Amino acid sequence: MESNIEQKKVIFSGIKPSGDLTLGNYLGAIKNWVSLQNEYDCYYCVVDLHAITVKQKPADLRKRTLEVLAIYIASGIDPEKNTLFIQSHVPAHSEASWLLTCNSYMGELSRMTQYKDKSQKMGESIGAGLFNYPVLMAADILLYNSDLVPVGKDQIQHLELARDIATRFNNTYSPTFTIPEGYVPKEGAKIMDLQDPSKKMSKSEENPNCYILIMDSPEVIKKKISRAVTDSIGIINYSDDQPGVKNLINIICAIKGISPQEVVSSYEGKGYADLKRDVADIIIEELTPVQERVKKLLSDKKYLEEIYRSGAQKASFAANKTLRKMQKKIGLIPK
Ligand code: AMP
Ligand code: TRP
């Protein structure tokens, strides 16, 4: 009889170490990963090769890569149960990415919204890595025959492309890849910019008041939440007409696991100042233990090294198996 472990469905996801992680990354990605770890065979990757699609200072990249790994663990992702690794430690990702690039079209890649937005801003000087970015992401996902890929809404188009590339490869050669499904966390998990609640909270924003970082101190969190943009209506409703207030309610829901209606009814007759004070306290209560664990983990580089080394070993085993199949089917001579 096959063991249960082999029958578990596979999950792959990753975060780029290209900036300090935000509350959006935590509530929209990492916190969900934690809840999926018992049911699935999970590969959670620090995608450093994706981070270098834009210029990174080498020392910062090294520091952030370890910090993201530490945040995964500190948030409750168990390194014993899951495969935690650094993308560049598994060369199969780069190799598969080239093989898939040769099975992708300029047309489909130029239609990616994220690329179009960036190329509009940067013109001719846009990096070729940004163009190829979704193919590397497809390689990440397909190498592990992932069934499910937890991503935010902004990544759905890239996931669709991975499905297209996989289907094409399967049809051109023979069935090789599992066609992955996206898994978008339910409402409440898209955290918006605190200064402009019409766009998502992002670590690439210039004004730090737009976002909360996972590692922000309690004082900073209080200040940023108190400055969060609301409206002049003055009543706490969960409504698209009040996007700033809606975002604060969503933050409570995502942390506490309660519904917006529950939050709204507990604030009857209260004002924005009360709501903001509580939101800040709830965030601080959630992040403080995570921050403490991150600091502890970062002071024990040996332990982190053990985790990412054994993670890379486990990941390489699975990835190389798929890579060899791809090479063989394409017509490359096995060594
Ligand atoms: P990125 O920061 O673009 O590397 O995103 C890493 C993961 O965090 C992806 O799954 C995103 O969808 C998720 N994420 C990033 N920002 C937010 C946000 N503001 N709200 C919810 N999820 C987010
Ligand atoms: N592109 C994703 C992002 O910006 C990060 C990523 C890279 C990813 N490879 C992946 C996410 C594979 C899910 C699966 O958020």
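The chain is numbered in sequence order, starting from 1. Both backbone and side-chain heavy atoms feed into the values below; hydrogens, waters and symmetry mates do not. As the structure lists them, so they are numbered: ligands from 1, and atoms in each ligand from 1. In this text the structure is predicted, and so the values were computed from the model without any measurement.
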| field | Proximal atoms of ligand 1 relative to Asp154 (non-hydrogen, under 4.0 Å) | value | 12 (O)

| query | Which one holds for Leu136 and ligand 2: side chain close, backbone close, both close, or neither close, with close meaning a heavy atom under 4.0 Å? | reply | neither

| task | Would you check if there is a donor-acceptor pair between the side chains of Lys118 and Tyr133 at a distance under 3.5 Å? | result | no

| message | As an exercise, identify every atom of ligand 1 less than 4.0 angstrom from a heavy atom of Lys200. | response | 15 (C), 16 (N), 19 (N)

| query | Out of curiosity, is His158 lining ligand 2, as in a heavy atom under 4.0 Å away? | reply | no

| task | Please state which part of Ile141 comes within less than 4.0 Å of ligand 2, counting heavy atoms only: side chain, backbone, both or neither. | result | side chain

| ligand 1 atoms in contact with Lys190 (distance to a heavy atom under 4.0 Å) | 20 (N), 21 (C)

| Is Glu262 salt-bridged to Lys256, cutoff N-O under 4.0 Å? | no

| request: Could you tell me whether Arg168 and Glu108 have a side-chain N and a carboxylate O separated by less than 4.0 Å? | output: yes

| field | Heavy-atom gap Lys203 to ligand 1 smaller than 4.0 Å | value | yes

| query | Tell me, do Tyr238 and Cys253 make a side-chain contact under 4.5 Å, heavy atoms counted? | reply | no

| task | Report yes if some heavy atom in the side chain of Tyr272 is under 4.5 Å from a heavy atom in the side chain of Ile233; otherwise report no. | result | yes

